[in-house]
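Below is one structure; the comments refer to it alone.
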Amino acid sequence: MLEARLEQANLLKKVVDAIKDLVQDCNFDCNDSGIALQAMDNSHVALVSMMLKSESFSPFRCDRNIALGINLTSLTKVLRCAANEDILTLKAEDAPDVVNLVFESAESDRLSEYDIKLMDIDQEHLGIPETEYAATISMPSAEFQKICRDLMALSESVSIECTKEGVKFACSGDIGSGSVTLRSHTNVEKPQLNVEIDLSEPVALTFSLKYLVNFCKASGLSEQVRLCLSNEVPLLVEYALSNNSYLRFYLAPKIGD
Amino acid sequence: YSQQLALELYFYLS
């Protein structure tokens, strides 16, 4: 059986909120290392990969592999019933029909309990090879969100060009064009504002802003976001969570006609 | 730039 207790319901609320517009039904794969999720969006150009390590829960118990097929709209409805600071416990039997969610207030004696019916989801799994990326950019997640939103006002696509000069986000559309360039930057007092660019070779790729703006819904999960790029491979957008847990998004690049 | 390639072209179905 599965029993996984999260100190704060907020973590799961934010994760589900960040992915629910990309994927609708998905399996939460539970085993002794934690709870993982991998799902492609309908158009098969974006992939969500979440890993909540067992260390992110206290306690965490999962005796055997269990796939919880959950509709994220249903999960969102139930998670809305939890206060952000509630303690959240996920429970399921070994061959479950439902997943049980218990919300406990740390400050009062309230205990809420919900069951969500599970679905049989036959999901295609993509193998993601370990990739040595040509460019890795760490930057404030709020900054990345602003850039994506700003450029989306002008265009559907953004080109991300990384050279030793810095990283340039550029777009052009019907009303004109725009760009934002960032250089490496270290803020000793506020390291969350650092911009770090690790480059082994120059990269230039074009991506759909609609997806990037969608990924940025995860900004509340982490002060920093990591962008990993190599020519002609999908972009990796990673929000690191505590205990080596993560929320990753992959996006296939656009190509010329 | 118009065509968005599918992820399956990059990752393998397992």
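Chain A is the first sequence line, chain B the second, and so forth, proteins listed ahead of strands; every chain is numbered from 1.
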Is it the case that over 12 heavy atoms from other parts of the model lie below 6.0 angstrom from the [atom1] atom of [X]?
{"X": "A/E232", "atom1": "CD", "result": "no"}
{"X": "A/E156", "atom1": "CD", "result": "no"}
{"X": "A/K20", "atom1": "NZ", "result": "yes"}
{"X": "A/N244", "atom1": "CG", "result": "no"}

Q) Which heavy atom in A/A252 sits nearest to a heavy atom in B/A6, and how many Å separate them? A) CB-C, 4.4 Å
Q: Compare every heavy atom of B/L7 with every heavy atom of A/L47, then report the nearest pair and how far apart it is.
A: CB-CD1, 3.3 Å
Q: Please report the C-alpha distance between A/Y250 and B/F11 in whole Å, then the side-chain angles of each, then the deciding distance to 0.1 Å, and finally whether the ring-ring contact (aromatic ring centres under 6.0 Å, His included) criterion is met.
A: CA-CA 10 Å; A/Y250 293 89; B/F11 299 144; 5.3 Å; yes
